[in-house]
Structures are given as structure tokens and as C-alpha cells.
There are 2 protein chains.
Amino acid sequence: MTSVDRPRQEEPEKMSETEANVRTERKRGSGAKVVYDLLRDEILDLALPPGSPIDEVQLAERFQMSRTPIREALVRLAGEGLITTLPNRSTMVSNIDFLNMHTFFDALVLMYRVTTRLAAQYHRPEDLEVIAARQQEFAAAVRAQDALAMIATNAALHLAIAEAGRNPYFTVLFSRLLDEGRRILRLYYQSYDDRLPQRFVEEHDEIIAVIAARDVDSADRIAREHAEQIVRQIQKMFVREDRLEVPL
Amino acid sequence: MTSVDRPRQEEPEKMSETEANVRTERKRGSGAKVVYDLLRDEILDLALPPGSPIDEVQLAERFQMSRTPIREALVRLAGEGLITTLPNRSTMVSNIDFLNMHTFFDALVLMYRVTTRLAAQYHRPEDLEVIAARQQEFAAAVRAQDALAMIATNAALHLAIAEAGRNPYFTVLFSRLLDEGRRILRLYYQSYDDRLPQRFVEEHDEIIAVIAARDVDSADRIAREHAEQIVRQIQKMFVREDRLEVPL
DNA sequence: GCAAATATTCTTGTCGACAATCTGAATACA
DNA sequence: TGTATTCAGATTGTCGACAAGAATATTTGC
């Protein structure tokens, strides 16, 4: 099938999967995924703050593709509640629900407990390697006092623990909660230059130890304390900056 | 910001949202939703059993619309894990994961407990009316020995309880779990004509009583026993029909 | 007769265009 | 002047068509 009258400059393709690269040429079926991943990151990093308008044609131009794959990405994001679509009108980044924050905390603490408990129960040797690596990255972020890296690596560590627990239902919910937490924390770390304390590194070490020891009850207890510690930390930020300028 | 009190001519529109109706005329923006709702029901009812091929053009003909809204519905269903898409190849109804069924049971029991506990804590008077109505419907299904109606009304009852708990994170997960349970149970009720015992009606009454009494600890305990009772019931079916013909 | 190469077919992925609906401004009217 | 109406602009929802990729059928070469 040598139907190559077209000068499709495949060539080296040295470039990594950057946006610029994707623009010029991209594999069939990858369009929506690229847009989804990038948009998701931008939303969670608050590069697109809550309330930001999402324009399909604008995105289509930016990614050099038609609106169809763009729309598919948006439908998926809407399914996760990250964007909100007003029928026939407009689409925008979903707001953070400050009024029902306590429901978020409840769910977060419970998932911290459950996933850690299951990890202690069902983990395999290779899981511990992944978890240890994530903890290294978190500790490095703490040493560097890089608040945003702390948020990301902390989420990655706890997600690794959750996956060692091997319950996809819990993992999916936990992942959503950690994402939402990423937005909330970033909102504060933008204005404040606060940092999660060294204490969290030590608590993580404790958690990893009881998981490795398969001590289920201790895992539950320590995870709970750790989670409640984090929640208190976040709540402290709230009262501290009570009259925060929040986009409704 | 005032809500939308716009006189949007809702008109009579006596006709119910049947498929035939939708075929002839449908409102802009409703296409994907209609397809989504109907396909979802058919999947959960096993009218479309696991492994069934999902053909876009076929659906487009059936619903008398183009493939675009069909695809949107499919993307949403895929997001919930109800269908599986093989890139560039085909789409089919997702399988039921019998190997990791225990993770499903773990999650189900925990959500039964948590949602009931929160309902005892946070319910409002009007919630109890809804819950009582659902319990009536469940009792009616038991009296009629209508197994499929029992499944549906049981799920509706527990979802009503979950909503009285007012934690959207838990409610969403629980809803997914009840959906998955609907598929699993229906798989068995197709071959067997077993029925959930009268005992469940009484247990529901107990649960409703402790919720109304705001007895959080009892709510947790009774919900747990109730859930484990149900899980045992399902597991009994499994061993009974061990060499079941399961579509992989 | 059988394996490899080729053609066909079938399904999904993408595209550009058009239509419907909403927003907001400009206009008409009391 | 204030309110209702109309019109223009913008954005989404839908459509039909085409292309790419994978599976299957067919042909070719030995």
C-alpha cells in the first residue's frame, strides 16, 4: 500500500511527547488522551483556577485538532466533576465546594485508614519497593522545601500504598480525593509559603513500617492519626485565611 | 445570583420519554443523555450481558441520530467502567470480575456501614419520609416475590439512606457498588428463582429505626450485620452454582 | 496443499460545516 | 426613564463524510 504521495516527514522523532510535538503529528486515538491529561493537570495545579472558561474552539486551535477529540476529553473531565457544563451555554472549571468541606475530610480520613489497612494486609514485596521510592521523593521535596512537590509526592506515596491494598473501588475514590486535595492545598500554597513539616516524613516511615510488618490494627490507627493531622493542618489554614478571596 | 425562573415554555409534553418519542423528535442536548440512560439500564439489567459488542453505527440507526451523541454516551459509560473500548477495534460491555469479588464485598460492606452511620448523624425529617417510602416499595417487592424488583428497590432504599448522610463522595461510590451488585445479582436471579427473605424487611426496619433515633453506633453495627448477611447470601449462590457458565 | 502476502471489510477516530440556543447589547416603545 | 423586544455574536450540539487501523477473506507463490 505505497500510497505515499504525501510528504509525511516522520523523520527522527527525537522530541519527547511535548505539546509542540503532538501538534505536528500524533497517533490516531491519542488526541483525546493528550488533551485530557494536560487539561487535568492544569486544573489540579490551578493553572486553570475554578471558574475558568473552557472554550472548545480555542482548545482546538491550541492543540491543532478538531473539536471532536477535544469534546471527548471534556466529557471525561466532566464525568470526574472537574469541569461543569452549562447546556448550550458554556463550560468552565468546577468550583471547590468550601461549604461541604467536612464531607471531603470525612472521606479522606476514611480512605487513608482503609487503604493503609488493606496495604498491610495484602501488599506484596514489590509493592514495598515502589512505596519506599515514593517516600524518598516526598522526603526530598520536604528537604527542598518545595511545597508543590510535597503535595504531589505525598499524593503519589499514598496512592502507591492504596494500590498495594488492591481494592480498585477504594483506590479510585482515594485517587479522586487526593486530586481534590491537590487543588485545595495549592490554593493555599499559592499565597502562603508554608510547608508540611518534617513530622510527616517520620509518620510516613511509621506507616511504611507497620505495613511491612503486616500489623493491620496499627496501620489503621497510625493512618488515622496521620490523616487527622493533615486535616487539622488544612483546617488551620482555613481559619488563618478566613476572608480569603474565593471565586464563587 | 437569582436562580432560573425563566418562563421556558415547558408546555404540556404529556408524552413520556420513551424511545419511540425520542426517535421522532428530541430536544437539543438530550441525545447523549437518552442513549446513556438507556444503555446503562440495559447493561445493568444484563439485557446487554458482559462481552456484548457495542456498535456505534447500529446504535446510531436505532436511536435515529448521528454517531456523535452516541459516542458521547459511550465515553461516559467507559468512564464508569461499564463498557470497555479496544482502541481502533471494538467496544463491548465490561465483564464482571469474579476473581476479585472479595474487593467488591469489602467496599460494599464498608459503604453500607458508613452511609448508614452518616444518615443517623445528619438526616433531616424529610429524608425519613423518602426512606420510609422506599422501604414500602421493597416490602411490596418481597411480598410479590419479585426478585428483580427486590434488587432494584433494595438499591433505591440504601441509596436514599446514603443521601440522607449527605456525603457525595460516599454516595457516588456506593451508587457504583450498588449498580455492580445489580449486575451480579441479576446474573443469578436469571437462572435461580431464589428470593431475598422476609428477614431483610425486618432488618431494614431496624436500620430505619436507629437512623431515626440518631443512634450512630447502633446504626453502624446493624448496617454491618445487614451487609454481611447479604454478602453471605451472595456467596452462598456462588458455591451453589460453582460451575456456572460465565461469559469471559 | 499450505504459508505468506495482499485485498477487502468493518469499526473506530477525526474532520469541517451547519444549526440551535443562550448572552448581551442595541433598539423600540410606553 | 424604564421595560420589553429584537438583533448580533458566541458557543455548544449534531451531522455526514472520510481516513486509519485491525481483523478477516482472498489471492499468490512455492
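Hydrogens, waters and symmetry mates are skipped; everything else that's a heavy atom, side chains included, is used. All of these numbers come straight from a predicted model, not from anything done at the bench. Each chain gets a letter, A, B and so on, in the order its sequence line appears, and its residues count up from 1.
- Atom CG in A/L59 sits roughly 13 Å away from atom C1' in D/dT12 (whole-Å rounding).
- Among all heavy-atom pairs drawn from A/L118 and A/F170, the shortest one is CD1-CD1, 3.6 Å.
- Here the shortest heavy-atom pairing between B/L157 and B/R134 reads CA-CB, 3.6 Å.
- What separates CD1 of A/I70 from P of D/dG13 is a distance of 14 Å, to the nearest Å.
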Could you list, one pair per line, each protein nitrogen or oxygen that sits under 3.5 Å from a nitrogen or oxygen of nucleotides 8-11 of chain C, together with the distance?
| from | atom 1 | to | atom 2 | distance (Å) |
| --- | --- | --- | --- | --- |
| C/dT11 | O5' | B/D55 | OD1 | 3.2 |

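- Note that A/R76 lies in the cation-pi zone of A/Y36, set by a 6.0 Å cut-off to the ring centre and a 45° limit from the axis.
- The separation between B/Q64 atom CD and D/dC15 atom C1' is 13 Å, rounded to whole Å.
- Annotation for A/N95 and A/G51: closest pair OD1-N, 3.8 Å, computed over non-hydrogen atoms.
- With hydrogens and angles ignored, the 3.5 Å screen pairs no side-chain donor or acceptor of A/R183 with any backbone N or O of A/G181.
- One can place CD of B/E72 at 11 Å from C1' of D/dT14, the figure rounded to the nearest angstrom.
- Put simply, the side chain of B/D55 gets close to the backbone of B/V57: a donor and an acceptor are under 3.5 Å apart.
- Rounded to an integer number of Å, the gap from A/M92 CE to D/dT12 C1' is 15 Å.
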Could you go over nucleotides 16-18 of chain C and give all protein N or O partners under 3.5 Å, atom names and distances?
none

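- Nearest approach of A/A119 to A/I161, heavy atoms of both residues: CB-O, 3.4 Å.
- Within the 3.5 Å criterion, the main-chain N or O of B/T103 finds no donor-acceptor partner in the side chain of B/N100.
- Residue A/K27 contributes atom NZ, which lies 13 Å from atom P of C/dT14 at whole-angstrom precision.
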